[in-house]
Amino acid sequence: MKPKVLLTHPLLPEAMDYLASEVELELATREMILPRSELLERIGDKQGLLCFLTDTIDREVMDRAPELKVIANCAVGVNNIDLKEAWNRGLLVTNTPEVLTEATADLTLALILATTRRLVAADRFCREGRFRGWQIDLFLGQELSGRTLGIIGFGRIGRAVARRALAFNLKVIYHDPQPLQPALEKELQVEYRELEELLRQADIVSIHASLRPQSYHLISRDRLELMKRTAVLINVARGPIVEEKALAEALASGRLWAAGLDVYENEPEITPELMGLDNVVLLPHIGSATYETRKKMCFMAVKNLLQGLRGEPPDNLIEPF
Ligand code: GLV
């Protein structure tokens, strides 16, 4: 008998067809939002769950699914899943690391360039018919060469950003709970800094940490105060790492020069004050959104799920920490 699997939202079609050929598949919804009641109702008799970062998988969901064995998240971040609860029950939890590293690092550089060179405001200016000719001081921005990039969270994505940054002649400093060995720092041409020191020194601060209780509001109102007035903040990791209201105020008052955001504290809601500001670039959580990467993520999540259901160790099992 094929195992029963709940897929909360569609995968890309090739991966969804493959999954449907291997398991008894129920797709919870084709809508953007899966009502909680639907999730709770449909999970009941399933052995496998393939879900996304928009689905909250907590104790209540697990309580409703006595036969559940595997939770395969189609994302690298797993803050939407109560890991401790899952591990206490012996459930396997998997994610989709590595395949999205390069795409996410690319988007980070896109945001760094878009904010420092004011691309979105300049585009809007043209579309509004306001471009009347070359001017010496039109849309002056900040040059990257020689400036300092501070990377918070120096895992795979942080390092991929650092590699790109060196090509722009940026000096790279980083902060991470686990600093690298000096030899590796030398090889990667990066230097460790304490968080506060990094915030004071960096011209661009880019966040690549995972969301855990320790990183909630890591960039708080007080820490935003430490940044240079000319600094730029980039967040492609998770919204709640930044105190979004305080960030909006800092941008509005000119306390901070600009920000580039792909994630929000209460996604998909965006703090209304940010919407009217020209010095912030707002993206709809598209860090990994390339055809290549999203296809790999889908197949990876399916493979992890099938491995777990067959009793094999999934390639991307998240071990208890
Ligand atoms: C995207 O944010 C992911 O965690 O994959």
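What's counted below: heavy atoms across the whole structure, side chains too, no hydrogens, waters or symmetry copies. Just follow the structure's listing: the first ligand is 1, and inside any ligand the first atom is 1. Being a predicted model, the structure only gives us computed values, none of them experimental. Position 1 is the first residue of the sequence, and the numbers go up from there.
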Student: For the hydrophobic clusters of this structure (ILVMFWY residues joined by side-chain heavy atoms under 4.5 Å, transitively), does one cluster hold both Leu119 and Ile234?
Tutor: no
Student: Could you check whether atom CZ of Arg89 has more than 12 heavy atoms from other residues, nucleotides or ligands sitting under 6.0 Å from it?
Tutor: yes
Student: Any chain of hydrophobic side-chain contacts (each under 4.5 Å) joining Val302 to Leu6?
Tutor: no
Student: Just list the N/O pairs, ligand 1 to protein, that are under 3.5 Å apart, with the distance for each.
Tutor:
unit_1	atom_1	unit_2	atom_2	d
ligand 1	2 (O)	Arg238	NH1	2.7
ligand 1	2 (O)	His285	NE2	2.7
ligand 1	4 (O)	Val76	N	3.3
ligand 1	4 (O)	Gly77	N	2.9
ligand 1	4 (O)	Arg238	NH2	2.7
ligand 1	5 (O)	Val76	N	2.8

Student: Hey, what's the ring geometry for Phe52 with His9, parallel, tilted or perpendicular (30° and 60° as the breaks)?
Tutor: perpendicular
Student: Side chains of Leu247 and Leu224: closer than 4.5 Å at any heavy-atom pair?
Tutor: yes
Student: Looking at Tyr174, does the NZ or CZ of Arg159 lie under 6.0 angstrom from its six-membered ring centre and within 45 degrees of the ring axis?
Tutor: no
